[in-house]
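Structure, as structure tokens:
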Amino acid sequence: MPTISTSNELATVIVIFNVEPEKQQELLDTVAEFVKTVKQQPGFVSANLHKSLDGLKVANYAQWKTKEDFENFIQNPEIKEKASKIKAFKPDSHVYEVVISESKEGIPEIDKKYIYHFAEFRMQPENQPKMIELAKENVVKAMKLPGLVSANFHSSIDGTRVINYGQWSDKEAIENLKKQPGFGSESPYWEGIAENEHHLYELAFSVTKD
């Protein structure tokens with residue numbers, strides 16, 4: 001079962017797609033078919049496909065042995081050709097490092113039993129260090145709330161993204177978080193530093209290297 005760690009022994013690649021609800025399953029099926037090829041590539045570790053509960057997103061939380069392995073993969077001409085259908089959905093893809101991981105259940109494992117919360121923070125590269133600093137300050141407050149199992153903040157290598165990949169026991173607990181000072185729409189802790197979009201997901205399926 002894939003795990004998450006701040007040791008960064010693996011390169012994390014998070015790919016997020018915007019999609020019309022009626023095409024969400026089509027996109028999932030297209031990515032799932034592509035993953036059959038991806039899992040055979042050198043350095044591949046895992047692919048974990050998520051679908052948002054509102055039908056508007058598909059996300060792949062992928063792991064590779066090294067950043068170089070992933071870069072070699074995306075530069076492969078054969079792979080580029082096979083990925084043409086997926087590129088039509090305009091994926092937002094970045095390589096990330098895990099910079100914060102707080103958990104109530106030990107090392108976080110990617111498992112279907114959780115509700116997943118992808119919080120996408122977009123920013124100018126010069127603001128990324130401040131965003132991570134604010135995340136470290138506020139994750140302590142969030143972890144005190146019931147229902148939040150783990151919070152895992154990832155910073156993109158290019159400096160333009162921070163993503164919190166959160167695991168929750170239920171949807172109601174997430175609504176409670178939004179009522180807490182600094183986490184709702186009024187004066188959020190990231191105000192003036194980043195733009196945020198977040199959706200709830202379920203894990204559709206997980207694939208690891210054979």
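Nothing fancy with the numbering, it's 1 onward along the sequence. Bear in mind that the values here come from a model prediction, so they are computed numbers and not experimental data. Below, all heavy atoms of this structure are taken into account, side chains as well, without hydrogens, waters or symmetry copies.
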Do you reckon I79 sits in the same ILVMFWY cluster as V207, going by side-chain contacts under 4.5 Å, direct or chained? yes
Look at the side-chain heavy atoms of Ile, Leu, Val, Met, Phe, Trp and Tyr, link any pair under 4.5 Å apart, and say whether Y201 and L28 land in one connected group.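 Per the 4.5 Å side-chain linkage, Y201 and L28 are not co-clustered.
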Taking atom types as modelled and ignoring hydrogens, do the side chains of [X] and [Y] form a donor-acceptor contact shorter than 3.5 angstrom?
X: Y114; Y: E109; value: no
X: Q63; Y: T12; value: no
X: N60; Y: H50; value: no

In this structure, are over 12 heavy atoms from other groups packed under 6.0 Å from [X] atom [atom1]?
X: E9; atom1: CD; value: no
X: E195; atom1: CD; value: no
X: E81; atom1: CD; value: no

So do [Y] and [X] actually touch side chain to side chain, heavy atoms under 4.5 Å?
X: F205; Y: N48; value: no
X: F73; Y: F44; value: no
X: K104; Y: M143; value: yes
X: Q24; Y: V58; value: yes
X: F153; Y: V98; value: no
X: F70; Y: T66; value: no

Does the pair V15 and V13 meet the rule for a side-chain contact (heavy atoms from CB on, under 4.5 Å), with working shown? CA-CA 6 Å; V15 187; V13 179; 4.0 Å; yes
Whether S103 side chain and I107 backbone form a donor-acceptor pair below 3.5 Å: no
Okay, side chain of K90, backbone of N18: is any donor-acceptor separation there less than 3.5 Å?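 Checking the backbone N and O of N18 against the side chain of K90, no donor-acceptor pair under 3.5 Å is found.
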Would you mind checking if [Y] and [X] are paired as a salt bridge, meaning a charged N to carboxylate O distance below 4.0 Å?
X: E133; Y: K136; value: no
X: R161; Y: E120; value: no
X: K57; Y: E197; value: yes
X: E175; Y: K179; value: no

Walk me through it: do Q128 and S155 pass the test side-chain contact (heavy atoms from CB on, under 4.5 Å)? CA-CA 8 Å; Q128 191 187 60; S155 63; 3.6 Å; yes
In sequence, state the C-alpha distance, the side-chain angles, and the governing distance for N152 and H154, and then conclude on side-chain contact (heavy atoms from CB on, under 4.5 Å). CA-CA 7 Å; N152 307 280; H154 300 65; 3.8 Å; yes
Under 30°, 30 to 60°, or over 60°: which ring-plane class applies to F89 and F17, parallel, tilted or perpendicular? perpendicular
Verdict with supporting geometry, E71 and K67, salt bridge (charged side-chain N to carboxylate O under 4.0 Å, His left out): CA-CA 6 Å; E71 289 174 346; K67 179 173 177 282; 2.4 Å; yes
